[in-house]
Novice: 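First the structure, which I've put down as structure tokens, then a few questions once you've had a look.
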Amino acid sequence: MSKYTFSFLAIVALIVTAAWSPLKPDKSTKIDKYLYVAVPGIRDYLEYGGHGILVYDIADNYRLVKRIPTGGLKADGTPSNVKGVAVSLATNSIYVSTLEALQRIDLATEKIVWEKKYDGGCDRLSMSPDGKTIYLPTLEKEHWNVVDAATGEVIKQVFTNSGAHNTLYGLDGTKVYMAGLRTSTLGISETRNHDVIKQVGPFVSAIRPFTINGSQTLCYVNVNGLLGFEIGDLNTGKKLYHVEVKGFKQGPVKRHGCPSHGIGLTPDEKEVWVCDAFNQRMHIFDNTVMPPRQVASVEVRDQPGWITFSLDGKHAYPSTGEIIDVKTRKTITKLQDEKGNPVMSEKVIEIHMNGTNAVKSGDQFGIGRVSKTK
């Protein structure tokens, strides 16, 4: 065999070997998981994180990665109360509502695409699962604005005359759940024509924060005057259960004016977590039985006013800024700003990023994610 023939065969062997070698992982497919925290997320209190969006690396023990500048200013130029936060994968944007306006911020450039004011102000918005439509409540007024997520233009106004406040899209995108501060019923709008089709309740008082299960058969609602929650049937419209926190007394609260302002289901729907402002606790209920059974309480560093969870269900995010391990019920870390000061917000959302593109997002509400009826 000549040296030329040997060299040719060696080259062929190298090509074949390379062709059959296992492919190296494509680094471009690496998914990073972050917690986006919009501030001021407790009224307009700048001492709890300042102004903007704080981004935390979930995998790195919630290390602060950066602060994204935002708009949302009052007429005097000071930061306004953040009222809600949502994400659209379709527009690759995060949306922040304040008392006066809604702003769309591009997640790749981290620049404000637009900021728009709406007649009647803004409250806690909700994004459709396809990322194309927003239900934006006015600030405790008569209607919700249905908004195009790309342009910010109003598609339709949905009138309920209920004191528009909290809003939640169901996971399948066919219905939106709307709670007003002047009614004891939960409104349901269908999203094909954006018409109100049903009221659930009445509950014992006006509905405050609420959540739903993934199959959209049950709602869990906080109401004025109750340390605890009530449960309603989303199909029949009837109230099912009245659940009170046991072993703790009610007392004066700093904000919101109700004993329990904040309720969430773990993604697997096995537990209900409910806020107790006066006692600075998160009370945990076993949701595998009906009515849910109180099983534990977790102390937090301030009066909680909201609760949501990581998409994988491992961590609880109370508005007081603790990161709580759901399984052990222990605090694993506490959110801090650049100077080491405590960060607290009722408007937080998990986003998974592939480079500069959002590929998955959580929700500011602690919604159940079991899609089939148990």
Side-chain angles (χ1 to χ4, degrees), residues 36-41 43-44 46 50-55 67-169 173 176-181 189 191 193-194 345-349 351 358 361 363-365:
Y36 281 62
V37 179
V39 289
R43 293 187 173 172
D44 59 354
L46 296 176
H51 179 224
I53 298 174
L54 299 171
V55 183
R67 180 187 293 268
I68 300 173
T70 59
L73 301 178
K74 302 175 188 175
D76 63 4
T78 59
S80 181
N81 307 36
V82 172
K83 298 299 290 182
V85 63
V87 170
S88 166
L89 303 186
T91 66
N92 199 45
S93 298
I94 185 169
Y95 297 75
V96 178
S97 59
T98 59
L99 293 171
E100 301 84 5
L102 173 65
Q103 54 192 301
R104 172 188 165 191
I105 301 166
D106 187 279
L107 286 166
T109 65
E110 298 178 351
K111 303 295 183 182
I112 297 174
V113 179
W114 46 255
E115 183 172 12
K116 297 177 183 272
K117 293 186 177 181
Y118 296 85
D119 181 33
C122 305
D123 215 316
R124 194 178 284 268
L125 75 162
S126 187
M127 178 70 65
S128 62
D130 65 8
K132 296 180 179 180
T133 308
I134 296 167
Y135 262 62
L136 178 67
T138 51
L139 189 61
E140 302 171 22
K141 300 293 194 302
E142 287 70 31
H143 70 279
W144 270 257
N145 287 308
V146 183
V147 175
D148 184 296
T151 66
E153 297 301 314
V154 175
I155 300 168
K156 186 176 180 178
Q157 293 182 327
V158 180
F159 283 83
T160 61
N161 301 310
S162 62
H165 190 43
N166 287 316
T167 321
L168 178 55
Y169 252 97
V176 177
Y177 303 87
M178 305 179 295
L181 294 179
S189 174
T191 57
N193 297 312
H194 305 297
S345 178
E346 297 173 358
K347 293 86 186 182
V348 308
I349 194 164
I351 308 178
S361 69
D363 197 279
Q364 61 187 325
F365 284 81

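These numbers come from the heavy atoms of this one structure, side chains and all, not from hydrogens, waters or symmetry mates.
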Novice: Could you tell me whether a side-chain N or O of His51 sits under 3.5 Å from a main-chain N or O of Gly71, the two making a donor and an acceptor?
Specialist: yes
Novice: Is the shortest side-chain heavy-atom distance between Asp44 and Thr78 below 4.5 Å?
Specialist: no
Novice: Drop me the distance from Ile105's CD1 to Ile68's CD1, to the nearest 0.5 angstrom.
Specialist: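 It is 7.0 Å, given to the nearest 0.5 Å.
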Novice: Where do Tyr135 and Ser189 land on the side chain to side chain contact (heavy atoms under 4.5 Å, CB included) test, with the steps shown first?
Specialist: CA-CA 10 Å; Tyr135 262 62; Ser189 174; 2.9 Å; yes
Novice: Identify, with sequence neighbours excluded, every residue that meets side chain to side chain contact (heavy atoms under 4.5 Å, CB included) alongside Asp119.
Specialist: none
Novice: So which atom in Lys116 and which in Thr151 form the shortest heavy-atom distance, rounded to 0.1 Å?
Specialist: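 Looking at all heavy atoms of both residues, the closest pair is CE-O, 2.8 Å.
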Novice: Hey, mind stepping through Asn145 and Thr138 against side chain to side chain contact (heavy atoms under 4.5 Å, CB included) and telling me if it holds?
Specialist: CA-CA 7 Å; Asn145 287 308; Thr138 51; 4.1 Å; yes
Novice: Taking all heavy atoms of Val348 and all of Val85, pick out the closest pair and write down the distance.
Specialist: N-CG1, 3.9 Å
Novice: Can you tell me how far CD of Glu100 sits from CD of Glu115, rounded to the nearest 0.5 angstrom?
Specialist: 9.0 Å
Novice: Within the structure provided, determine whether Asp363 and Leu168 are in side-chain contact (heavy-atom separation under 4.5 Å).
Specialist: yes
Novice: Between Lys111 and Asp106, does at least one N-O distance fall below 4.0 Å, as a salt bridge requires?
Specialist: no
Novice: Between Ser162 and Trp144, does the side chain to side chain contact (heavy atoms under 4.5 Å, CB included) criterion hold? Intermediate values first, please.
Specialist: CA-CA 10 Å; Ser162 62; Trp144 270 257; 3.7 Å; yes
Novice: To the nearest 0.5 Å, how far apart are CD1 in Ile155 and CG in Asp148?
Specialist: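 Result: 5.0 Å between the selected atoms.
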Novice: Nearest 0.5 Å, what's the CG-OG distance between Leu89 and Ser361?
Specialist: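 Going from the CG atom of Leu89 to the OG atom of Ser361 covers 5.0 Å.
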Novice: Which is it for Leu102 and Trp114 under the side chain to side chain contact (heavy atoms under 4.5 Å, CB included) test, yes or no, and what are the steps along the way?
Specialist: CA-CA 8 Å; Leu102 173 65; Trp114 46 255; 4.0 Å; yes
Novice: For Gly72, does its backbone N or O pair with a side-chain atom of Ser80 as donor and acceptor, under 3.5 Å?
Specialist: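 Checking the backbone N and O of Gly72 against the side chain of Ser80, no donor-acceptor pair under 3.5 Å is found.
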Novice: Is there a side-chain contact between Leu136 and Lys83, using heavy atoms and a 4.5 Å cut-off?
Specialist: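 Counting from C-beta outward, Leu136 and Lys83 never come under 4.5 Å.
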Novice: Looking only at heavy atoms, what is the nearest atom pair of Ala38 and Val82, with distance?
Specialist: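 Minimum heavy-atom contact is CB-CG1, 3.9 Å.
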Novice: Just by modelled atom types, is the Gly173 backbone N or O under 3.5 Å from a matching donor or acceptor in the Thr191 side chain?
Specialist: yes
Novice: For Gly41 and Lys347, which heavy atoms make the closest approach, and how far apart are they?
Specialist: O-NZ, 3.2 Å
Novice: Would you please name every residue forming a side chain to side chain contact (heavy atoms under 4.5 Å, CB included) with Ser88, sequence neighbours left out?
Specialist: Ala90, Thr91, Tyr95, Met127
Novice: Quick one: pull up CZ in Arg124 and CG in Asn166 and give me the separation to the nearest 0.5 Å.
Specialist: 5.5 Å
Novice: Could you tell me which non-hydrogen atom of Leu107 sits nearest to which non-hydrogen atom of Glu110, and how far apart they are?
Specialist: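 Taking every non-hydrogen atom into account, O-CG, 3.8 Å.
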Novice: In chain order, what residues pass the salt bridge (Lys or Arg N to Asp or Glu O under 4.0 Å) check against Lys117, with sequence neighbours excluded?
Specialist: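 So Lys117 forms no salt bridge (Lys or Arg N to Asp or Glu O under 4.0 Å) with any residue.
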Novice: Are there more than 12 heavy atoms of other residues, nucleotides or ligands under 6.0 Å from atom NZ of Lys132?
Specialist: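 Open: at most 12 neighbouring heavy atoms sit under 6.0 Å from NZ of Lys132.
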Novice: Treating Ser97 as the side-chain partner and Gly84 as the backbone partner, does any N or O pair qualify as donor plus acceptor under 3.5 Å?
Specialist: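 Yes: the side chain of Ser97 pairs with the backbone of Gly84.
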Novice: Rounded to the nearest 0.5 Å, how far apart are CG of Leu125 and OH of Tyr169?
Specialist: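 If I round to the nearest 0.5 Å, the distance is 11.0 Å.
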Novice: Grab the two heavy atoms, one from Cys122 and one from Leu139, that are nearest each other, plus how far apart they are.
Specialist: O-CD1, 3.4 Å
